[in-house]
Student: 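First, the structure itself, so that you have it in front of you.
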Amino acid sequence: MLDGGVTDGASSALEVRFRGFYAAFNARDVETLLAAMTPDVDWANGMTGGRVHGRDAVRAYWAAQWAEIDPRVDPVRVTPRGDGEVVVDVHQVVRDRSGVVIADRMVQHVYRLRDGLVARMDIETGAG
């Protein structure tokens, strides 16, 4: 559902697009994900802090992440903001490599779009 139940055409398309993005992440479909990003994407490093820059760096970040943990992220709400920002409230479940849940929480992913592609992603905790 979108912010406040708003379901206009553009917002619905945005929700479908981001749900697809998260489905690709959960399927580890890196090529689909990287194709949705600008070449110079600026991506939050949720494991160790800091940021990674560019598609190749995001690919390497995910490879390292998935070697250590098994995260699943499911969008709960997609909220468009002005100026090309999209906030996605996400239910995140992280398991260690043996399958034990080490985190189960809500977070917010804040995306900045440029020319229809993801140019930046930030992680905020405390999503409702």
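Predicted model, so just to flag it, every value in this text is computed and none were measured.
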Student: Under 4.5 Å between side-chain heavy atoms, counting indirect links through other Ile/Leu/Val/Met/Phe/Trp/Tyr residues: same cluster for V58 and I69 or not?
Tutor: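 Linked, V58 and I69 end up in one cluster.
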Student: Does any non-hydrogen side-chain atom of D40 lie less than 4.5 Å from one of R114?
Tutor: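 R114 vs D40: side chains touch.
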Student: With heavy-atom distances below 4.5 Å as the criterion, would you say the side chains of D74 and N26 are in contact?
Tutor: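 Contact flag for D74/N26 side chains = yes.
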Student: Search all heavy atoms of P71 against all heavy atoms of Q65 and return the closest pair with its distance.
Tutor: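 Shortest heavy-atom separation between P71 and Q65 comes out as CG-OE1, 3.7 Å.
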Student: Sorted by first residue and then second, give each salt bridge (charged side-chain N to carboxylate O under 4.0 Å, His left out) pair with at least one member in residues 46-66; sequence neighbours left out.
Tutor: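 Applying salt bridge (charged side-chain N to carboxylate O under 4.0 Å, His left out) to every pair that reaches into residues 46-66, excluding sequence neighbours, yields E31-R59, D42-R51, R51-D122.
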Student: Using the ring of each side chain (for Trp, its six-membered ring), is W66 parallel, tilted or perpendicular to W62, with breaks at 30° and 60°?
Tutor: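 Parallel, since the angle between the ring planes stays under 30°.
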Student: With the side chain counted from C-beta on, respond yes when T79 and V86 share a heavy-atom pair under 4.5 Å apart, and no when they do not.
Tutor: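 T79 vs V86: side chains apart.
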Student: Go through it in stages, so that I can follow the logic: the residues are Q108 and D89, the test is side chain to side chain contact (heavy atoms under 4.5 Å, CB included), and I'd like the CA-CA distance, side-chain angles, deciding distance and then a yes or no.
Tutor: CA-CA 5 Å; Q108 283 187 326; D89 294 317; 2.8 Å; yes
Student: Do V88 and F21 have side chains that get closer than 4.5 Å, going by heavy atoms?
Tutor: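 The answer is no, as the side chains (C-beta and beyond) never meet within the 4.5 Å cut-off.
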Student: Rounded to the nearest 0.5 Å, how far apart are CD of Q92 and CE of M106?
Tutor: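 One gets 10.0 Å once the value is rounded to the nearest 0.5 Å.
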Student: Could you tell me the separation between the OH atom of Y111 and the CE atom of M121, rounded to the nearest 0.5 Å?
Tutor: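 Those atoms lie 5.0 Å apart.
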Student: Restricting to non-hydrogen atoms, name the atom on A119 and the atom on T38 that form the minimum distance, rounded to 0.1 Å.
Tutor: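 Smallest interatomic distance, heavy atoms only, reads CA-OG1, 3.5 Å.
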Student: Search all heavy atoms of A24 against all heavy atoms of L33 and return the closest pair with its distance.
Tutor: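 Heavy atoms of A24 and L33 come nearest at CB-CD2, 3.9 Å.
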Student: Under the side chain to side chain donor-acceptor pair (under 3.5 Å) test, which residues partner D29, sequence neighbours left out?
Tutor: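 Testing D29 for side chain to side chain donor-acceptor pair (under 3.5 Å), a comparison that skips the adjacent residues, returns T32.
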Student: Would H109 and Y22 count as a ring-ring contact (aromatic ring centres under 6.0 Å, His included) if you check the C-alpha gap in whole Å, the side-chain angles of each, and the deciding distance to 0.1 Å?
Tutor: CA-CA 11 Å; H109 292 165; Y22 283 93; 5.8 Å; yes
Student: Would you compute the distance between atom NE2 of H53 and atom CZ of R120 and round it to the nearest 0.5 angstrom?
Tutor: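 Those atoms lie 8.0 Å apart.
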Student: Transitively linked via ILVMFWY side-chain contacts under 4.5 Å: V110 with V118?
Tutor: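 Unlinked, V110 and V118 end up in two clusters.
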Student: Measuring only between side-chain heavy atoms, which start at C-beta, is E124 closer than 4.5 Å to V87?
Tutor: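 No. Closest side-chain heavy atoms not under 4.5 Å.
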Student: Among pairs that include at least one residue of residues 91-112, which meet salt bridge (charged side-chain N to carboxylate O under 4.0 Å, His left out), considering only residues two or more places apart or in two chains?
Tutor: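 Listed by first then second residue: E85-R112.
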Student: Answer with yes or no whether the hydrophobic clustering places I102 together with M47; edges join I, L, V, M, F, W, Y residues whose side-chain heavy atoms lie under 4.5 Å apart.
Tutor: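 Yes; M47 is reachable from I102 via cluster members.
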Student: To the nearest 0.5 Å, what is the distance between CG on N45 and CD1 on I123?
Tutor: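 Going from CG on N45 over to CD1 on I123, the span is 8.0 Å.
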